[in-house]
Amino acid sequence: MGGMNGCRDIQPLLGMYALGRLTEREMTALQAHLDGCPLCRIEAAELRGVAEALVHADPERVEYRPEPPPWLRKSVFDRIDGARRRTRRRAAALGLAGLTAAAAAVTAFFLLGAPAAPDGPDTPTVAYSAGGVRASATLTPRPWGTALHLSVSGLTPGQNYTVWLERPDGRRTPAGSFTAQGSTRLVMDLSSGMKPHNATALGLSVSGGGPPILRAPIPRP
Amino acid sequence: MRLRRSAERTRLDDEVSLRAAYDEHAGELFAFAERSLGERALAEEAVRETFLRAWRSAARLDAGEAVLRTWLLAICRNVVIEHACSRRTARVADGTALERLLTGLQVEEALRRLSPDHRAVLVELHVLARPPAAVAAELRIPAGTVRNRTYYALRALRLALEEMGWEA
Ligand SMILES: [Zn+2]
């Protein structure tokens with residue numbers, strides 16, 4: 001670092017540098033240091049990024065932020081309660097009422113990847129785990145519909161299962177069927193004519209009827 | 001029966017997390033919606049819709065605060081875009097304007113988390129583009145202090161943005 005200008009002496013210049021406010025002389029001194037100091041170069045670049053975002057701030061908006069009315073909280077959760085009741089009624093209409101333990105477990109799903117699906121927003125990932133059945137699926141849009149990559153374990157060996165996608169109105173379109181072999185994990189590629197954005201849930205039933213073994217809503221960020 | 005009870009508990013936990021998420025983030029979501037849609041009533045509707053979608057997708061709300069905040073903002077952004085497309089009242093003309101607004105509002109949120117001294121020097125110098133000498137006079141501090149304070153204020157701003165889940 002040449003001894004003349006150490007990081008400690010030069011660092012305070014990085015703020016004005018990021019804001020583009022250095023004098024010519026200060027700029028020359030800083031540049032000489034940055035040329036030989038990767039750490040200060042990194043910090044300079046980071047502060048530049050912050051300064052670029054800073055120009056979008058509006059000082060008046062910093063002083064005053066509009067706040068939601070106090071009653072909005074109740075109104076938000078009333079709407080969620082309403083949606084929950086409608087979901088229950090639809091579940092009852094689909095024959096899921098009088099739940100067995102296995103069917104009740106259908107609600108105990110976990111969804112992964114909702115904040116950021118690994119393959120981007122177009123390929124929702126659904127993961128499910130309940131009653132010994134574990135499944136995860138990736139839905140990829142295709143010109144003809146949806147390519148479905150499914151991985152599932154914990155099913156009854158020898159049993160035939162049907163995979164389906166569910167529309168917003170509750171109707172289900174089969175995406176394929178398979179016979180479980182052993183209790184190991186099965187990985188398969190299936191397809192459905194339904195576009196992924198039309199599918200609200202993915203599920204699995206015993207072929208020939210009966211309540212779903214699993215039904216997992218598809219996250220829609 | 002054991003399974004059933006645990007299933008219900010999962011739901012309850014989600015609801016509790018969602019209420020906590022509302023208390024923590026509804027203010028910022030409302031401000032974003034109000035500023036992009038231009039009407040309080042529309043912003044209220046956007047917040048309702050945002051939390052309904054969050055509940056529907058039943059994401060794991062035990063994720064870190066920064067992730068949760070970014071995720072809710074992303075949902076709210078989509079809701080605002082849909083509203084803006086169907087209404088003429090919206091203030092944001094296009095996607096770029098909306099992104100700029102979103103950036104601006106996040107920076108403002110970060111600025112509110114700084115000390116008044118740090119906030120003042122950044123606003124005066126950069127947002128209002130005043131000369132350093134004028135800022136020194138306005139804030140009644142030596143020019144060298146303006147320079148040092150600017151450096152530490154920018155670092156504090158970067159930290160605040162990072163804590164909010166910002167990625168440069
Ligand atoms: Zn250095």
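Just so you know, these numbers use all the heavy atoms, side chains as well, and skip hydrogens, waters and symmetry mates. What you are looking at is a predicted structure, and each value in this text was computed from that prediction instead of being measured. Just so it is clear: chains get the letters A, B, ... in the order the sequence lines come, proteins before strands, and each one is counted from 1.
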Query raised in the report: For the candidates B/Val123, B/Val47, B/Leu29, which exhibits the highest count of non-hydrogen atom pairs separated by less than 4.5 Å from chain A?
Result: B/Val47
Requested in this report: For the pair A/Glu43 and B/Arg155, evaluate side chain to side chain contact (heavy atoms under 4.5 Å, CB included) and give the outcome as yes or no after the intermediate values.
Outcome: CA-CA 9 Å; A/Glu43 184 164 35; B/Arg155 281 175 60 118; 2.8 Å; yes
Report summary line: Honestly, the part of B/Ala110 sitting under 4.5 Å from a heavy atom of chain A is neither
Query raised in the report: Would you call the rings of A/Phe77 and B/Phe51 parallel, tilted or perpendicular, where under 30° means parallel and over 60° means perpendicular?
Result: tilted
Report task. Give the member of A/Asp58, A/Val55, A/Leu14 that has the highest number of heavy-atom pairs under 4.5 Å with chain B. Result -> A/Asp58
**Report entry** Side chains of A/Glu46 and A/Val50 in contact at under 4.5 Å (non-hydrogen atoms)
**Finding:** no
**Report entry** Proximity breakdown for A/Glu63 and chain B, heavy-atom pairs closer than 4.5 Å
**Finding:** neither
Report task. Sort out for me which of A/Pro66, A/Gly15, A/Pro12, A/Pro59 touches chain B most, counting heavy-atom pairs under 4.5 Å. Result -> A/Pro66
Requested in this report: I would like to know whether B/Arg53 and B/Glu82 meet salt bridge (charged side-chain N to carboxylate O under 4.0 Å, His left out); could you show each step before the answer?
Outcome: CA-CA 13 Å; B/Arg53 289 187 193 185; B/Glu82 286 163 30; 2.7 Å; yes
Requested in this report: Pick whichever of A/Leu22, A/Leu47, A/Leu13 has the most heavy-atom pairs under 4.5 Å with chain B.
Outcome: A/Leu47
Query raised in the report: Using non-hydrogen atoms only, which part of B/Gln106 is less than 4.5 Å away from chain A: side chain, backbone, both, or neither?
Result: neither
Requested in this report: For each of B/Glu108, B/Arg147, B/Arg119, B/Glu49, tally heavy-atom pairs with chain A at distances under 4.5 Å, and name the one with the top tally.
Outcome: B/Glu108
Report task. Given side chain to side chain contact (heavy atoms under 4.5 Å, CB included), test A/Val163 with A/Val152 step by step and report yes or no. Result -> CA-CA 11 Å; A/Val163 182; A/Val152 60; over 6 Å; no
Report task. Name the member of B/Leu105, B/Leu122, B/Leu125, B/Val146 that forms the most heavy-atom pairs with chain A at distances under 4.5 Å. Result -> B/Leu125
Report summary line: Most contact-rich option vs chain B, by heavy-atom pairs under 4.5 angstrom, among A/Met16, A/Arg65, A/Gln11, A/Glu26, is A/Arg65
Query raised in the report: Between B/Arg48 and A/Asp78, is a salt bridge (charged side-chain N to carboxylate O under 4.0 Å, His left out) present by the stated rule, with each step listed?
Result: CA-CA 9 Å; B/Arg48 268 193 295 270; A/Asp78 281 353; over 6 Å; no
Requested in this report: Report yes or no: is the cationic atom of A/Arg48 (NZ for Lys, CZ for Arg) closer than 6.0 Å to the six-membered ring centre of A/Tyr17, at no more than 45° off its axis?
Outcome: yes
Report task. Can you tell which part of B/Leu128 gets under 4.5 Å to a heavy atom of chain A, answering side chain, backbone, both or neither? Result -> side chain
Query - Beyond-backbone contact of B/Thr150 with B/Val135, side-chain heavy atoms, under 4.5 angstrom - result: no
